[in-house]
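Nothing fancy with the numbering, it's 1 onward along the sequence.
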Amino acid sequence: MKVINIIILLAFIVCACSTNKTIPNEIERVFVEVDNVTQDASSLIEKIEIVPLETNDSSLLYRIEKIIYDKKMDIYAIYTGDQIVYTFWGNGKYISNSRGVKGQGPKEYTMVLDINFNPYLEGIDMLNPYGTIYTYSPTFELLAKKKFEPEFPINNLIAVDSVNYIFSYPFIWTDQEIAFVDLKTQQVVNTNYEGTISGGLHIGNTCFYHINDEFYFVPLGLNYYFYQIDTKEKKLIPIMYIDFGDLEVKSDDLPGRAWGKRTDSKEERKEISDEVKERFNFLSESDNIFPMSKFFNKEYAYVYFKKAMERSGNHFIYNRKKKDSFLFKDKKPFSMYPCLGIVDNILLSMCKPDMVSQIVDRKFMSSEEISKMESLKEDDNNVIVKYYLKK
């Protein structure tokens with residue numbers, strides 16, 4: 001499930017490819033000790049709650065690709081493999097789905113590759129890869145339809161204000177670029193970032209985050225950097241580095257390549273694609289450890305990492321204020337599920353109802369929460385799991 005993923009939770013000017021890498025002092029360095037397992041979950045977890053998503057004929061979810069949550073609206077939006085978006089209130093109550101507006105009509109969409117909340121219109125932006133943005137209300141009334149002509153297809157978006165957006169490009173078209181676009185003037189500014197060692201080695205597809213009044217970028221794929229986005233200067237500033245020490249994957253001596261470049265040649269583009277696949281396949285069959293999902297907020301950083309061939313992974317949580325780190329590994333202190341985002345001190349995850357009992361510890365759950373869990377049925381909708389972290 002690609003999603004086990006959030007709502008980021010962000011983006012990458014210091015070279016990550018050098019064997020003798022030096023990280024500037026102004027960049028926060030988070031050291032991941034992969035064997036320092038947390039023995040007592042109560043040192044990190046305050047409580048656990050679950051939110052069963054309402055199950056009815058209109059709300060049944062199919063192949064979830066992305067989940068996002070907006071605290072102000074208290075709404076989950078879930079994008080599925082058939083390009084339908086479902087909305088639920090924060091308590092799990094079903095709101096609506098976009099099936100009725102998928103089509104060829106003037107207020108309908110034909111293809112959507114990404115979704116994100118638009119706080120300026122209090123709706124959900126839905127991105128067509130060829131430059132059309134549909135903004136729908138949580139009940140899927142069309143609020144706005146905007147368009148620009150991208151140089152290449154685009155695959156992720158975030159609204160900076162009512163007319164300015166940031167987009168990412170698929171790996172094959174550019175050399176690690178994001179695009180700043182003014183939809184009113186149609187002006188496009190492309191900005192490079194660095195550090196990608198391989199694409200594809202990730203779960204989820206959230207790369208842009210809006211935290212308080214600031215914007216962040218976390219490159220998808222194998223990349224150890226977090227970036228702050230300077231929306232005025234239209235540049236990326238590296239602010240955090242996830243340090244795996246000797247276990248860090250380095251690009252030296254790896255076959256193939258990690259990204260594309262600007263070219264109009266179909267033959268050259270095919271060669272680039274083949275080289276990217278070569279590197280991805282090589283790493284996928286290796287024993288390296290990969291950060292599959294990573295995000296952060298002002299207080300915490302979260303990294304889900306594993307070996308490519310392993311089914312389950314490990315959860316690293318870092319308290320940025322107290323400089324404390326925690327590691328859940330090999331079902332110790334208990335089995336967590338890959339998280340998709342963080343809101344304040346709450347890590348959010350989502351799983352099938354029959355898995356909930358396996359990824360929680362009852363001692364952190366109230367009798368009411370345990371009762372909710374025990375009443376779940378196998379054919380119910382998915383369940384949001386909320387891990388409350390100690391502040």
Side-chain angles (χ1 to χ4, degrees), residues 1-9 51-147 153-159 165-168 170 203-210 220 340-341 343 348-352 380-384:
M1 191 167 67
K2 237 192 243 178
V3 64
I4 301 198
N5 92 285
I6 73 300
I7 10 307
I8 52 78
L9 300 282
V51 181
L53 299 179
E54 181 181 349
T55 306
N56 59 46
D57 291 341
S58 300
S59 70
L60 286 173
L61 301 169
Y62 164 76
R63 211 177 81 221
I64 296 169
E65 300 287 336
K66 182 175 183 177
I67 308 169
I68 55 177
Y69 174 76
D70 183 85
K71 179 182 177 181
K72 183 178 178 181
M73 299 171 68
D74 192 26
I75 287 175
Y76 294 99
I78 300 175
Y79 169 74
T80 62
D82 51 359
Q83 298 187 17
I84 302 298
V85 179
Y86 297 77
T87 51
F88 297 83
W89 293 114
N91 62 7
K93 183 73 174 176
Y94 172 67
I95 301 174
S96 188
N97 71 58
S98 67
R99 198 174 298 278
V101 293
K102 190 174 189 296
Q104 302 292 331
K107 295 185 177 182
E108 298 175 337
Y109 69 92
T110 55
M111 179 190 301
V112 164
L113 201 62
D114 188 36
I115 64 170
N116 213 333
F117 283 106
N118 185 322
Y120 314 103
L121 294 175
E122 296 188 349
I124 302 163
D125 282 335
M126 298 168 60
L127 175 67
N128 178 291
Y130 303 106
T132 302
I133 303 130
Y134 307 85
T135 306
Y136 290 98
S137 71
T139 52
F140 296 98
E141 286 81 27
L142 184 66
L143 302 176
K145 183 178 179 180
K146 308 165 190 173
K147 185 173 176 59
I154 46 183
N155 61 354
N156 294 99
L157 86 164
I158 190 168
Y165 278 79
I166 306 173
F167 303 93
S168 66
I203 57 176
N205 61 352
T206 296
C207 61
F208 295 118
Y209 296 84
H210 187 187
L220 299 176
L340 55 94
V343 179
L348 299 174
S349 186
M350 189 174 79
C351 68
K352 295 288 186 182
D380 282 348
N381 237 336
N382 289 57
V383 178
I384 303 291

Using modelled atom types and a 3.5 Å cut-off, is there a donor and acceptor pairing between side-chain atoms of Asn381 and backbone atoms of Ser59? yes

Would a 4.5 Å heavy-atom cut-off, applied to side chains only, mark Met350 and Leu348 as touching? no

Side-chain contact test, heavy atoms from C-beta onward, threshold under 4.5 Å: evaluate it for Leu220 versus Asn156 and give yes or no. yes

Please indicate whether Lys107 has more than 12 foreign heavy atoms, meaning atoms of other residues, nucleotides or ligands, lying under 6.0 Å from its NZ. no

Does Lys352 reach the side chain of Asn382, with side-chain heavy atoms less than 4.5 Å apart? yes

Testing the basics here: between Val85 and Ala77, what is the closest heavy-atom pair and its distance to 0.1 Å? CG1-CB, 4.4 Å

One should read off an interatomic distance between Ile95 CD1 and Ile75 CD1, to the nearest 0.5 angstrom, of 4.0 Å

Run the side chain to side chain contact (heavy atoms under 4.5 Å, CB included) check on Ile154 and Leu127 step by step: do they pass? CA-CA 8 Å; Ile154 46 183; Leu127 175 67; 3.8 Å; yes

Minimum side-chain heavy-atom gap Thr132-Lys146 below 4.5 Å: no

Residue pair Glu65 / Thr80: nearest heavy atoms and the distance that separates them: CG-C, 3.7 Å

Contacts of Phe140 that satisfy ring-ring contact (aromatic ring centres under 6.0 Å, His included) - sequence neighbours left out: none

Taking Gln83 for its side chain and Val112 for its backbone only, find out whether a donor-acceptor pair lies under 3.5 Å. yes

Which pairs, with at least one residue in residues 118-143 and sequence neighbours excluded, count as a salt bridge (charged side-chain N to carboxylate O under 4.0 Å, His left out)? none

Side-chain touch Asn97/Thr87, heavy atoms, less than 4.5 angstrom: no

Hey, could you give me the OG/CD1 distance between Ser168 and Ile158, rounded to the nearest 0.5 Å? 11.0 Å

Passing candidate, side chain to side chain donor-acceptor pair (under 3.5 Å) with Ser98, options Tyr86, Tyr79, Tyr109, Tyr136: Tyr109

Measure the shortest side-chain to side-chain distance between Ile84 and Lys102 over non-hydrogen atoms and say whether it is less than 4.5 angstrom. yes

If you look at every heavy atom in Tyr134 and Thr110, which pair is closest and at what distance? OH-N, 4.2 Å

Roughly how far, to the nearest 0.5 Å, is the OG atom of Ser137 from the CG atom of Asn118? 12.0 Å

Which atom names give the shortest non-hydrogen contact between Pro106 and Lys145, and what distance separates them? O-NZ, 4.0 Å

What's the shortest heavy-atom distance between Tyr94 and Asn56, and which atoms? CD2-ND2, 3.6 Å

Non-hydrogen atoms of Pro153 and Tyr130 that approach each other most closely: CG-CE2, 4.3 Å

Within the structure provided, determine whether Thr135 and Leu142 are in side-chain contact (heavy-atom separation under 4.5 Å). no

I need the Leu60 CG to Leu53 CG distance, nearest 0.5 Å. 11.0 Å

Tyr76-Phe88 aromatic ring centre distance below 6.0 Å: no

Atom CG of Asn116 and atom NZ of Lys66: how far apart are they, to the nearest 0.5 Å? 5.0 Å

Beyond-backbone contact of Tyr69 with Ile384, side-chain heavy atoms, under 4.5 angstrom: no

Applying side chain to side chain contact (heavy atoms under 4.5 Å, CB included), run through Asn128 and Ile133 and close with a yes or a no. CA-CA 6 Å; Asn128 178 291; Ile133 303 130; over 6 Å; no

